[in-house]
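Here's the structure, in structure tokens; my notes come after.
When a ligand or atom number is given, it counts from 1 through the structure's own listing order.
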Amino acid sequence: MAVTLVIGGTGNVGQALVPGLLESGQSVRVLTRNPEGEVAQRLAEAGAEVVRGDLDDAASLDAALAGVDKVALITTPSPHQLDHAGAAIEAMKRSAPEAHLVRMSARTPEPMDGTELGRHHAEIDDAIQSSGLSWTIVRPTFFMQNLIGAAGGVISDGNLYQPFKDGVLPMIDVRDVAESLVVLLTTEGHEREINVLTGPEAIGMGRVAEALTKATGNKVTYVDVPIEAAEQSFVEAGFPQWIAHAFCELFEGFANNGWTTVTKGVDELTGHTPRTVDDFAADFGSFFSP
Ligand SMILES: NC(=O)c1ccc[n+]([C@@H]2O[C@H](COP(=O)([O-])OP(=O)(O)OC[C@H]3O[C@@H](n4cnc5c(N)ncnc54)[C@H](OP(=O)(O)O)[C@@H]3O)[C@@H](O)[C@H]2O)c1
């Protein structure tokens, strides 16, 4: 049975990816800094081998990589993301040079190096392509589940506060990202592919508000907020200033330029059309209801 190490397995995508890999019969090892945490425990109960490790601790990466066939690499957005991804690549070169790396990148506004997170992803993807490792890269667009962060406004006064102006983008459901990653990690023939993953249509926040209205039965109205106010509210919600600013750079790029290109990436990998915003709203509507 193939052994897959998931780095970032306790995060937003990882929590859907790890069960998907287990269901498809893989042996899954999850690296986490906190094996006693609630998410790690849940993944262990589902059948994953949970190991303590840290991208800042090279020896822990070497130990986690022992005997693995595949590695899923998901890094959290932070000023350290470049170093963290670099540490994982170097550890694979040392300790699992024959393993296949599937790395989650991102589809960011163009030019990719025009934003801090876009630059991170471009540099990491370049490093992987020149690493000598076997690799596949996925670049999903904005996750629908990010919208849950705006649920407070919807619940308190029926307003979806977002800084996207009239910008549109083909946002994607995290479950489709995870299912696509499962396919890439469990089937052959995806070496050296860069898969751009989108949802089924490019939509703006007005359309999201319509979907939430329908799903919750309560009127939801999109209210465009200035980008500076959005950055401030991320900081007030506890995000470090660097991350608040980096997120808002991306949002500003999508607000100003939009992005209408829809890809067939999810269809081709999973065999089904990607979930719509109405599917997302129906399944996650309870987060937006009092
Ligand atoms: N949100 C979007 O719309 C979007 C769209 C496209 C691409 N992306 C990209 O997706 C990635 C984030 O994915 P996500 O949201 O699933 O991740 P996430 O929820 O931010 O969690 C990532 C994981 O990072 C782990 N982690 C953090 N620091 C670590 C360290 N020092 N050593 C080991 N593990 C560490 C955490 O594990 P523990 O805490 O358990 O150690 C957690 O499992 C980013 O690269 C982002 O740019 C996001």
Side-chain angles (χ1 to χ4, degrees), residues 5-18 20 29-44 48 50-61 63-65 71-88 91 102-109 112 115-125 128 137-150 162 164 169-178 180-181 194-199 208 234 239-240 242-243 246-251 253-254 259 263 265-266 280:
L5 173 67
V6 183
I7 298 174
T10 58
N12 297 313
V13 175
Q15 288 182 60
L17 169 62
V18 172
R29 189 177 296 162
V30 175
L31 180 123
T32 173
R33 293 163 299 172
N34 183 16
E36 293 81 26
E38 190 219 315
V39 175
Q41 288 295 311
R42 190 162 13 98
L43 297 176
V50 173
V51 297
R52 186 183 303 278
D54 192 320
L55 288 160
D56 289 316
D57 173 0
S60 73
L61 299 180
L65 283 162
V71 177
L73 175 59
I74 304 169
T75 48
T76 202
S78 86
H80 312 294
Q81 185 166 226
L82 273 175
D83 292 340
H84 282 165
V102 177
R103 129 101 174 143
M104 196 166 76
S105 177
R107 174 58 171 81
T108 62
M112 251 180 118
T115 60
E116 194 70 10
L117 287 172
R119 184 177 65 80
H120 276 190
H121 284 302
E123 287 189 21
I124 296 166
D125 290 352
I128 285 171
I137 290 169
V138 296
R139 290 186 179 156
T141 184
F142 180 92
F143 299 160
M144 292 178 189
Q145 278 75 2
N146 296 342
L147 298 162
I148 294 170
Q162 290 284 286
F164 281 75
L169 78 166
M171 52 187 79
I172 188 168
D173 193 301
V174 159
R175 294 170 291 181
D176 289 323
V177 178
S180 300
L181 287 169
I194 298 181
N195 295 274
V196 178
L197 302 180
T198 73
V208 173
F234 274 121
F239 287 87
W242 186 95
I243 292 177
F247 284 165
C248 286
E249 273 188 337
L250 295 184
F251 297 172
F254 287 125
W259 183 42
T263 71
V266 171
F280 162 76

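Using cut-offs of 30° and 60° for the angle between ring planes, the Phe234 and Phe251 rings count as tilted.
With a 4.0 Å cut-off on non-hydrogen atoms, Arg139 does not touch ligand 1 at all. With a 4.0 Å cut-off on non-hydrogen atoms, Ser105 touches ligand 1 through its backbone and not its side chain. Counting heavy atoms under 4.0 Å from ligand 1, residue Leu55 touches it through both backbone and side chain. Residue contacts with ligand 1 for His121 involve side-chain atoms from C-beta outward but no N, CA, C or O (heavy atoms, distance under 4.0 Å). Neither the backbone nor the side chain of Ile7 comes within 4.0 Å of ligand 1, counting heavy atoms alone. Only the side chain of Gln81 comes within contact range of ligand 1, with a heavy atom under 4.0 Å; no backbone atom does.
Those atoms of ligand 1 with a heavy atom of Gly8 less than 4.0 angstrom away are 23 (C), 43 (O). Numbered from 1 in the order shown, with element, the atoms of ligand 1 that lie under 4.0 Å from a heavy atom of Ala106 read 6 (C), 7 (C). Close contacts of ligand 1 with Phe142, meaning ligand atoms under 4.0 Å from a residue heavy atom, involve 3 (O). Heavy-atom proximity to Met104, at under 4.0 Å, picks out these atoms of ligand 1: 9 (C), 10 (O), 11 (C), 13 (O). Taking every heavy atom of His84 and a limit of under 4.0 angstrom, the matching atoms of ligand 1 come to 31 (N).
In terms of modelled atom types and a separation under 3.5 Å, the side chain of Gln41 and the main chain of Pro35 share a donor-acceptor contact.
Of the protein's non-hydrogen atoms, Pro140 O, 3.3 Å is the one closest to atom 6 (C) of ligand 1. Of the protein's non-hydrogen atoms, Arg33 NH2, 3.3 Å is the one closest to atom 27 (C) of ligand 1. In terms of protein heavy atoms, atom 13 (O) of ligand 1 is closest to Ile74 CG2, 3.3 Å. With respect to atom 18 (P) of ligand 1, the closest heavy atom belonging to the protein is Thr76 OG1, 3.8 Å.
Here the shortest heavy-atom distance to atom 12 (C) of ligand 1, taken over Leu117, Thr75, Asn12, Val13, belongs to Thr75. The closest non-hydrogen atom to atom 5 (C) of ligand 1, taken over Asn146, Ile172, Thr141, comes from Thr141. Of all the listed residues (Thr10, Val39, Thr32), Thr10 holds the heavy atom that lies closest to atom 36 (C) of ligand 1. Heavy-atom proximity to atom 31 (N) of ligand 1, evaluated over Asn34, Leu169, Leu17, Asp54, is greatest for Asp54.
Scanning all heavy atoms of the two residues, the minimum distance from Val174 to Val13 falls at CG1-CA, 4.0 Å. Summarising the geometry of Ala48 relative to Val30, their closest heavy-atom pair is CB-CG2, 4.0 Å, with the distance given to 0.1 Å. Of all non-hydrogen atoms in Ser60 and Asp54, the two that sit nearest each other are OG-N, 3.0 Å. Contact record, Met171 with Thr141: CA-CG2, 3.9 Å, taken as the closest heavy-atom pair. Of all non-hydrogen atoms in Leu65 and Arg29, the two that sit nearest each other are C-NH1, 4.2 Å. Across Gln162 and Ala150, no two heavy atoms sit closer than the pair NE2-CB, 3.5 Å.
Dense packing is recorded around CD of Glu36, with more than 12 heavy atoms of other residues, nucleotides or ligands lying under 6.0 Å away.
At under 3.5 Å, a nitrogen or oxygen of Gly11, whether backbone or side chain, sits near a nitrogen or oxygen of ligand 1. For Phe143, a nitrogen or oxygen atom sits less than 3.5 Å from a nitrogen or oxygen atom of ligand 1, counting backbone and side chain alike.
Here Glu116 pairs with Arg119 under the salt bridge (Lys or Arg N to Asp or Glu O under 4.0 Å) rule; sequence neighbours left out.
Across Asn195, Thr263, Thr198, Asp125, a single residue satisfies side chain to side chain donor-acceptor pair (under 3.5 Å) together with Arg139, and that is Asp125.
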**Item:** Working for side-chain contact (heavy atoms from CB on, under 4.5 Å), residues Phe142 and Trp259
**Value:** CA-CA 11 Å; Phe142 180 92; Trp259 183 42; over 6 Å; no

- Message: For His121 and Arg107: C-alpha separation, side-chain torsions, deciding distance, then whether side-chain contact (heavy atoms from CB on, under 4.5 Å) applies.
- Response: CA-CA 9 Å; His121 284 302; Arg107 174 58 171 81; over 6 Å; no

